[in-house]
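Below, all heavy atoms of this structure are taken into account, side chains as well, without hydrogens, waters or symmetry copies. Letters A, B, ... are given to chains in the order of the sequence lines, protein chains preceding strands, and every chain is numbered from 1.
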Amino acid sequence: MLELDNVSAVRGATTIWSDGTFAVPSGSITGVIGPNGSGKTTLLLMILGLLRPGSGKITVFGQVPKRGNTRIGYVPQNYASIAGESIRARDLVLLGLTGATYGLRRTSREQHARVDQVLAEVGAGGFGDRRMSQLSGGQQQRVAIAQALVGNPRMLLLDEPLANLDVRNQQEIVDLLSRINTERGIDILLVVHDLNPLLSVLDGAIYLLDGHAHHDNVNEVVSEELLTHLYGTAIKVVRTPQGDLFTRSA
Amino acid sequence: MGIVAAGVQFQSNWLEILSSPFMRTAFIAGVLVAVASGLIGYFVIVRGSMFASHALAHIGFPGATGAALVGSSVFTGLVVFTVVGGVVIGLLGKKASDREIATGTVLAWATALGVLFASLASGNTSTVTNILFGNLLAIPSQQLVVFAIFLVVLAIVLLVIFRPLLFTSIDPEVAEAKGVNVKGLGIAFMILLALVVSMAVTVVGVLLIFALLVTPAAAALRFTARPGWVIFWSSVIGVASVAVGLVIAAMINLPPSFFIVTTVFVVWLVAAGLRRERALVRPTGGHPQHGDPVHEH
């Protein structure tokens, strides 16, 4: 449950967006959309407590955000590109559980079991022992989601989880997120630059437009007028048997 | 016999040389340094701090030659300069890639400063050669206690910060969101690295530092990505290389650096070759999936 009350996002001396007043209902899947540089990642950082709002108040589950909130699982962008050769998928997931713990402590059998269980949950059970560099983009994304889930959060934040994935892998990740949302009953907030792959599962969207933040449920977001304004190029919504689809109109 | 042959002579009493007190000192020092390098090598690679470790050694160079110039301990000069350099690099910023130009520029200047100090301290060419290329046989026995203390401190601190350090090394954004002090750990790591670099310079020198600090861990990583095992095997590779280097040095009476570095190099080559073999014969686990990348090794 995320609430914003007259929030503005400020980086340095620049106000990126302001007048953010809305509530995202519990148990929903919400897309965060907006042009490049409109402050999508900034919103995530504020929810995580890594950045304070310039003004106004954010509450996550009724509390002001602070670092180390175990109720939030976070999957940043460009995951696992750095040290991919040097770590196995399962060790990466384990860090989600024990990575903030100082001191010498043996990983318990229970903790290992939880890692196995969450790897299986995201469909990564078959490649937990492989190095991250040996996995495809879709598989890496699953492992990253497993790491975020292993601490049993109540909200999942994902920054561009569909970037650099082909259409099939995008769909598989969307299906996975939808299943996690249903089975665990947790909120999912994800930054995307294309709503199309998500339209079938999305409950609502936060859109950052003209320096302001808004939230609407999905029916209102999928309008040609709003999307055209949002993307700065003419958008046409097409109704298909599989659901709505929007495209750039000629 | 030519000039070359005059320098290389098989010493039939090499076993006797090996059992001498100064060889024992050299071996113990080498083991302490190799284990310390093994402990930190995995983190150097995971954090992408290879260039930083190389730079630290160069930053230590004017510290060492400056100390020689004013007649104080070369090792103390090394430690002071590398630790200060490490803290500055740690404070500078987030990504190693953003710092490469700044680090490289400082590295070049520090090396020039080291050369200046070396020229001012005239008649000290063997000291400078030892700093640049290392000489395990020149380590005084009093040094062993200092090395042992450094190693114990390193081991204790690494054990305490192991998981958060690994977390921030691999995944700084998530670690920060989880409340881990990313910057503080970065500085702590650079200080530990500075201590190990200072030790390693005495064995393989400023210019060959990579061979002890990075290559053993890189070779170990060819076989395992489990942090504990990488650390164990890189320590073993380091210790074995020191031992082989000393034995050959005793046999033909030359400084051991070349033989130590060559042993590390050969182990690394063999590891690379074996890993490729294994990758070729290894059955693919599970079903091949659409979008699976080709195994790189």
Separation between CZ of A/R88 and CZ of B/R226, rounded to the nearest 0.5 Å: 4.0 Å

From B/I170 atom CD1 to A/D91 atom CG, the distance as rounded to the nearest 0.5 Å: 8.0 Å

Any A/L95 side-chain heavy atom under 4.5 Å of B/D171 side chain: no

Proximal component of B/I156, with respect to chain A [non-hydrogen, under 4.5 Å]: neither

Whether over 12 other heavy atoms sit under 6.0 Å from A/R52 CZ: no

More than 12 heavy atoms of other groups within 6.0 Å of A/W17 CH2: yes

Contact check, side chains of A/L48 and B/E173, non-hydrogen atoms, under 4.5 Å: no

Which portion of B/A177 sits near chain A, non-hydrogen atoms under 4.5 angstrom: both

Closest approach of A/A100 to B/P164 (non-hydrogen atoms, all atoms of both residues): C-CG, 4.2 Å

Heavy-atom closest pair, residues B/V174 and A/Q147: CG1-OE1, 3.9 Å

When A/L165, A/T107, A/L157 are compared by non-hydrogen pairs under 4.5 Å with chain B, the top option: A/T107

Options B/G179, B/A217, B/A225, ranked by heavy-atom pairs under 4.5 Å with chain A, top entry: B/A225

Neighbour count above 12 (heavy atom, 6.0 Å) for A/N164 CG: no

Reported CZ-to-OG1 distance for the pair B/R163 and A/T101, which is rounded to 0.5 angstrom: 6.5 Å

Residues, nucleotides or ligands: over 12 heavy atoms within 6.0 Å of A/Y102 OH: yes

Nearest-0.5 Å distance, NZ of residue B/K178 to CG of residue A/N69: 9.5 Å

Neighbour count above 12 (heavy atom, 6.0 Å) for A/R105 CZ: no

